[in-house]
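Everything numeric here is computed off the predicted structure, so don't read it as measured data.
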Amino acid sequence: MRTELPADASNNEGNELMRASQAVAEVLRREGIEYAFCIPSNKLIDAVAEVGIRPIVGRQERSTINMADAYSRTTNGEKIGVALVQQGPGAEHAFGSIAQAYSDSVPLLFLPQGDPRKAHGLRTNFDAVEAFKPITKWSARLDNPSTIHDQMRRAFQLMRSGRPGPVLLELPIDVADEEVDEAQFTYEPPIRYLSAANSADVVRAIDLLMEAERPLIRAGHGVLWADATDELVEFAELLGAPVATTYVAKSAFPENHPLSIGTGGTGVSAGIRAFVPDADVFFSIGASLLNTLGSFHLPAGRTVIQSTNDPNDLSLQYPIASALVGDAKLVLNQLTDELKKRLAAKKPVSASRDARAEVAATNAQTKEDWAERFASDEVPISPLRLVSEMIDALDPDTTIVTHDSGYPRDHLAPHYASTKPRGYLGWGNSTPLGSSLGLALGAAVAAPDKVSVCFLGDAAFGQCGLELETAVRNKIPVLVVLTNNSQMTGYGHHHPIAQERFGHKELSGNYAEIGTALGAVSYKVTEPNEVGATLRKAIAEVQGGATVLLEIITGALRHRYAAVDVIPS
C-alpha cells in the first residue's frame with residue numbers, strides 16, 4: 001500500500017506516502033467494508049482490492065447501486081453499501097438509483113470517479129457533485145488528498161446521523177494518483193449519536209393515546225433503521241392497538257403477530273382497509289407521513305401523533321396534535337415507560353375493545369374472501385395463485401423477499417406475511433421499474449444464510465435481466481420469480497388509442513431461455529398445479545448455491561383489489 005519516494009523527489013525525505021485512492025480505500029477498510037459494488041472503470045477499484053475489499057462488478061450502473069442500497073438495508077446500516085462508477089456517463093446513469101435511495105432514506109456511499117481538475121466547468125463534462133446535491137445528504141469533491149480522512153469521516157457521520165441517506169464523494173482521476181504523507185492520515189470510524197424526545201411531548205402523546213377509542217399505530221422505515229421492532233411490539237401490546245406498516249417499512253412489525261393489520265402503499269392489506277377508516281387517533285412512528293406510492297393515506301380530520309428523528313418531517317401533509325422528535329427506539333422506550341405508569345392507575349379508553357379479536361376476525365374473513373382466487377386453476381395462471389404458492393413455499397424466517405414496482409408489488413406485499421426485520425425489502429417512495437434484481441443481489445451478498453427472492457414482471461425484467469449474469473459470475477445465489485403476461489399491465493387504459501391501433505403495451509420474449517443463456521438454472525411453468533413443486537425445487541437449488549429464474553406464464557389481473565384510494569377521507 002505504501003510507496004517510498006527517492007530522496008530528491010520530495011521535501012518529506014524518506015516518509016512513507018500513500019496515493020489518494022489508497023487513502024479512500026484505507027478508510028473503507030477501517031469501516032469494515034467488505035464489498036464494493038462497481039462497474040469499471042474507477043481507480044478506486046484496484047485500491048479497494050489492494051486492501052482486501054472485494055469488487056463486485058454489475059452490468060449497469062443502476063442495478064449496481066441497487067446492490068449497494070440493499071446491502072445497507074439488509075445490514076440495517078451496520079455496514080454501508082459502497083458503489084463505484086466512472087466519471088461522465090457512469091455517474092449520469094447512476095442518477096435514478098441514487099434518487100431512489102434518497103427517497104427511501106437509505107445510507108450508501110457513492111464514489112464516482114471525476115474528471116481531472118483542469119476539465120471542471122466545461123460544458124460537455126457532467127458535474128456529478130452539483131447534479132446530485134438535491135438527492136444526497138451531502139455531495140462533495142475529494143480534491144485535496146490531505147483532507148480525505150476528514151471528508152470521509154464527515155460522510156460516515158452524516159450517514160449514521162438523523163435521517164439516513166446517500167452521500168456522494170467524487171474522486172477526480174488526477175487527484176486519485178496524488179500522494180499524501182501517511183503520517184498525516186488519521187481515521188477512526190465515527191460513532192452514531194442518538195437523541196430522545198422531549199419528556200413533555202411524551203406525556204402529551206400518552207395523554208392522547210389514553211383517551212383514544214380506536215388508536216392505530218402506523219410504522220415507518222425509521223423503526224427498522226432504529227432496530228426498534230421489539231420495542232414497537234412491546235408498546236403495541238401494552239396499548240392494545242393494531243399496527244400497520246408502510247411498504248418501505250414492511251417487516252418492521254411481525255405480520256404473524258395478533259395485532260398486525262399488514263402493510264400498505266399503492267395497494268393495502270385487508271386489515272388496513274378494515275381498521276384505518278374508523279381509527280380516531282393515529283400514532284405514526286419512524287415516518288415522514290408523506291403520501292407516496294410506498295405509504296397508505298390517513299383519513300382527514302383525525303388526531304395524529306407523529307414521531308420522527310427529522311424535525312423537517314413535521315406537519316408536512318397532515319396537521320399533528322403532538323410530535324416526538326427522536327430515534328424510534330429511544331422514543332418507544334420513553335412512551336412505554338410513561339404508559340406503564342399510567343396503566344398502573346387506570347385503563348385506556350380503548351381497553352373496552354378487543355383489538356386482537358377484531359384482527360383475528362378480519363384475518364379469518366380475508367382468508368375466506370380470497371380463498372377461491374388464491375386456489376384458481378385458470379390458465380394462463382392467475383398471479384394470485386402464484387402469490388399463494390409463494391406464501392406456502394417460502395419460509396419467512398429464512399427468506400428475504402423483494403418486489404418490483406407495479407402489479408407484482410401490489411399482489412405480493414399486502415398478502416405475504418413477513419416475520420423478521422428486513423425479511424422483506426419494501427420500497428416505493430420512488431418506484432423505478434427494474435430495481436428488484438439488483439436489490440435481491442445486494443441482499444444475498446449481505447445475508448448469504450438467507451434465500452434472497454425477487455418477484456418481478458416481464459416489463460421489469462427488460463430493465464434488469466442481464467444482472468442474472470452478474471449473479472452467476474459472482475456466485476450470488478438468488479431466486480428470480482418472473483410473472484410473464486406478455487404486456488405492461490395497467491398501462492392500456494391510460495392510452496386506449498395507442499393500444500387499439502398499435503398495441504403499445506404488448507411485450508414478448510422467452511425469458512427462461514434468456515436465463516439459461518446467461519448461466520442461470522431456468523424453468524418455465526404454464527400449469528397452475530406445477531407452480532408449488534417447481535418453486536420448492538428452485539428454493540432448494542438456491543440453497544445449494546445456484547441462481548434460478550422461474551418464469552411463470554400468467555394472465556393479466558386488471559385490478560389491484562386493494563388500492564389506496566378505497567380509504568375514505
Side-chain angles (χ1 to χ4, degrees), residues 204-220 223 232-233 235-247 249-250 252-287 289-292 294-307 315 317-322 335 339 342-343 346-370 410 413-415 417 560-569:
R204 168 66 175 159
I206 294 299
D207 285 344
L208 293 170
L209 289 169
M210 288 289 290
E211 295 302 315
E213 294 182 1
R214 298 185 64 83
L216 189 144
I217 299 172
R218 179 186 186 273
V223 173
L232 179 58
V233 169
F235 182 70
E237 290 176 345
L238 276 173
L239 185 62
V243 181
T245 70
T246 63
Y247 271 172
K250 185 176 171 72
F253 190 82
E255 293 180 314
N256 58 350
H257 190 282
L259 287 172
S260 172
I261 57 171
T263 192
T266 47
V268 296
S269 65
I272 289 176
R273 183 193 291 268
F275 283 86
V276 166
D278 295 331
D280 59 345
V281 176
F282 289 95
F283 171 48
S284 173
I285 175 75
L289 268 179
L290 287 171
N291 290 331
T292 71
S295 62
F296 62 93
H297 302 186
L298 305 184
R302 312 303 166 86
T303 298
V304 177
I305 304 164
Q306 184 178 11
S307 177
S315 295
Q317 288 187 296
Y318 295 95
I320 56 175
S322 176
L335 291 168
L339 183 57
R342 303 291 188 89
L343 294 178
K346 61 178 287 190
K347 292 182 178 181
V349 173
S350 60
S352 61
R353 68 185 286 217
D354 187 345
R356 292 176 181 243
E358 293 179 29
V359 172
T362 298
N363 290 343
Q365 186 62 52
T366 301
K367 185 175 182 180
E368 181 180 337
D369 292 343
W370 288 79
D410 297 329
H415 298 289
R560 286 188 171 96
Y561 291 102
V564 71
D565 59 7
V566 302
I567 299 177
S569 60

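- Taking 4.5 Å as the limit, every side-chain heavy atom of Tyr318 sits out of range of all side-chain heavy atoms of Gln306.
- Side-chain atoms of Thr263 do not come within 3.5 Å of backbone N or O of Ala249 as any donor-acceptor pair.
- Using a 4.5 Å heavy-atom threshold, the side chains of Val268 and Val276 count as separate.
- Residue Leu259 holds its CG atom at 8.0 Å from CD1 of Ile217, rounded to the nearest 0.5 Å.
- Side-chain contact between Glu237 and Arg356 is present, with heavy atoms from C-beta onward closer than 4.5 Å.
- Across every non-hydrogen atom of Glu358 and Arg353, the tightest pair is OE1-NH2, 3.0 Å.
- Between Pro348 and Leu343, some side-chain heavy-atom pair lies under the 4.5 Å cut-off.
- Side-chain contact between Val233 and His257 is present, with heavy atoms from C-beta onward closer than 4.5 Å.
- We find the CZ-OG1 distance between Phe296 and Thr245 to be 7.5 Å, quoted to the nearest 0.5 Å.
- Between Phe235 and Phe283, a ring centre-to-centre spacing shorter than 6.0 Å is recorded.
- Under a 3.5 Å cut-off, the side chain of Asp280 and the backbone N or O of Arg214 do form a donor-acceptor pair.
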**Request:** Could you please spell out the steps behind the side chain to side chain donor-acceptor pair (under 3.5 Å) verdict for His297 and Gln317?
**Result:** CA-CA 10 Å; His297 302 186; Gln317 288 187 296; over 6 Å; no
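- Panel note: side chain Arg302, backbone Pro277; a donor-acceptor pair is recorded below 3.5 Å.
- At least one side-chain heavy atom of Met210 sits less than 4.5 Å from a side-chain heavy atom of Leu339.
- A donor-acceptor contact shorter than 3.5 Å links the side chain of Thr366 to the backbone of Thr362.
- Test Leu298, Ile285, Ile305 against Arg218 for side-chain contact (heavy atoms from CB on, under 4.5 Å) and you get one pass: Leu298.
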